[in-house]
Amino acid sequence: MLGEHDVSDDEVGHYPVSKRGSETGITHGKVTASHQTVSFVDGDRTYELTGLLEITANEGPFAEHGDSGSVVVNLNNQVVGLLVAATEDYSKGYAVPIARIRDTLQIQVLSAPMSFKGAPSRRVPSGKDKVTLILCLPAPAPQAGLIVNLTTSNPAVAKVPARAAFPGLSDRSLPITIDRASAGAVGEALIKAVATHLPNLKAELDLHFE
């Protein structure tokens, strides 16, 4: 996963999500309501689950028995909640929002950071004017892809492309070519990569042109 996201009231009604369950596999839907209460009977006792997100399937079932506990994610592969219930016709699912899990249990979703392969540093020998860095994601890129902004702390030494893009559902790695800024340029530059829509997803590497 690429972190977590709290679905706001403004997003309810149109916010797209998906889940992968043991019973129904990958299904897609949208958050159609929040602060929902679901009741269920166990023997002679009735229980209520409150404060849930309601998710309506785009088509067919969203979840069935056996899918409970599935992680519900958004288009950026961020966790928005955990599935706990479904309607009798399975067209709707209900999830505990990740904010409630985080606040109640005092936990948060942890994921490995985005990183440059070989970080924290890389040396480019004299006479070589290009180097290819491999940027790695901790989870598959979102289905729509992921754009990364690139910067260098020393443009007189290292020239970087302004942006690079992971294709949707890629193999989690992306080659990025860095050029020596000019013939004979030597020195160090800190190369940074930050995901456009996920600013907490970032990586950096010290590059030294000899």
Side-chain angles (χ1 to χ4, degrees), residues 1-8 11 15-20 26 28 70-82 98-99 101-102 105-210:
M1 303 304 167
L2 301 180
E4 57 188 57
H5 175 78
D6 300 333
V7 178
S8 68
E11 293 170 323
Y15 196 75
V17 295
S18 62
K19 73 100 185 70
R20 182 194 297 268
I26 299 175
H28 305 279
S70 300
V71 174
V72 179
V73 299
N74 62 14
L75 294 180
N76 288 323
N77 278 359
Q78 295 174 299
V79 178
V80 301
L82 294 181
I98 190 61
I101 295 170
R102 183 178 62 243
L105 301 181
Q106 296 296 300
I107 60 174
Q108 65 183 63
V109 175
L110 295 179
S111 62
M114 181 167 65
S115 63
F116 283 107
K117 188 175 182 179
S121 63
R122 179 85 176 268
R123 304 185 75 85
V124 184
S126 176
K128 187 176 181 180
D129 293 330
K130 294 179 182 289
V131 63
T132 299
L133 303 180
I134 305 299
L135 188 60
C136 302
L137 286 176
Q143 187 172 0
L146 183 69
I147 296 175
V148 177
N149 294 322
L150 298 161
T151 59
T152 172
S153 65
N154 193 347
V157 170
K159 183 180 180 181
V160 303
R163 288 185 171 186
F166 285 90
L169 301 179
S170 72
D171 60 359
R172 307 186 191 186
S173 62
L174 177 68
I176 298 173
T177 299
I178 311 295
D179 294 304
R180 193 185 296 265
S182 60
V186 296
E188 294 185 356
L190 181 65
I191 309 301
K192 290 186 177 181
V194 180
T196 302
H197 299 297
L198 301 173
N200 291 329
L201 195 63
K202 51 191 174 181
E204 58 183 43
L205 176 141
D206 284 310
L207 191 63
H208 185 90
F209 278 95
E210 299 177 335

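- Among all heavy-atom pairs drawn from Ala156 and Ala185, the shortest one is O-CB, 3.6 Å.
- Taking CD1 of Ile101 as the reference point, atom CG of Leu82 lies at 3.5 Å (rounded to 0.5 Å).
- For Ile98 against Val79, the heavy-atom pair with the smallest separation is CG2-O, 3.7 Å.
- Expressed to the nearest 0.5 Å, how far CD of Glu188 lies from OG of Ser153 amounts to 8.5 Å.
- When side chains are defined from C-beta on, Val131 counts as touching Arg122, because their heavy atoms get closer than 4.5 Å.
- Taking each heavy atom of Pro161 and Ile176 in turn, the nearest pair found is CG-CG2, 3.9 Å.
- With contacts defined as side-chain heavy-atom distances shorter than 4.5 Å, the pair Val7/His5 qualifies.
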Does His28 form a side-chain contact (heavy atoms from CB on, under 4.5 Å) with Ser18? I'd like the steps, not just the answer. CA-CA 4 Å; His28 305 279; Ser18 62; 3.3 Å; yes
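- Going from atom CD1 of Ile134 over to atom CG of Leu205 covers 11.5 Å, rounded to the nearest 0.5 Å.
- We find the CG-OG1 distance between Leu190 and Thr152 to be 7.5 Å, quoted to the nearest 0.5 Å.
- Taking all atoms of both residues into account, the shortest heavy-atom contact from Ile191 to Ala158 is CD1-CB, 4.2 Å.
- Rounded to the nearest 0.5 Å, atoms CG (Asn76) and CG (Leu146) are 7.5 Å apart.
- Side chains of Asp6 and Arg102 form a contact here, defined as non-hydrogen atoms less than 4.5 Å apart.
- The closest side-chain heavy-atom distance from Val124 to Leu207 is below 4.5 Å.
- For the pair Met114 and Leu135, the minimum side-chain heavy-atom distance is below 4.5 Å.
- Note that CG of Leu150 and NZ of Lys159 are 14.0 Å apart. Values are rounded to the nearest 0.5 Å.
- Arg180 is linked by a side-chain hydrogen bond (donor to acceptor under 3.5 Å, both in side chains) to Asp129, counting only residues two or more places apart in sequence or in another chain.
- Contact of the Arg172 side chain with the Cys136 side chain is not registered, since no non-hydrogen atoms from C-beta on lie closer than 4.5 Å.
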As a quick check of understanding, evaluate side-chain contact (heavy atoms from CB on, under 4.5 Å) for Leu133 and Ile178, giving each step before the final call. CA-CA 7 Å; Leu133 303 180; Ile178 311 295; 3.8 Å; yes
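- For the pair Val194/Thr151, no side-chain contact is recorded, criterion being any heavy-atom separation below 4.5 Å from C-beta on.
- Among all heavy-atom pairs drawn from Ala141 and Phe166, the shortest one is CB-CB, 3.9 Å.
- Of all heavy-atom pairs spanning Ala181 and Pro155, the tightest one is CB-O, 3.3 Å.
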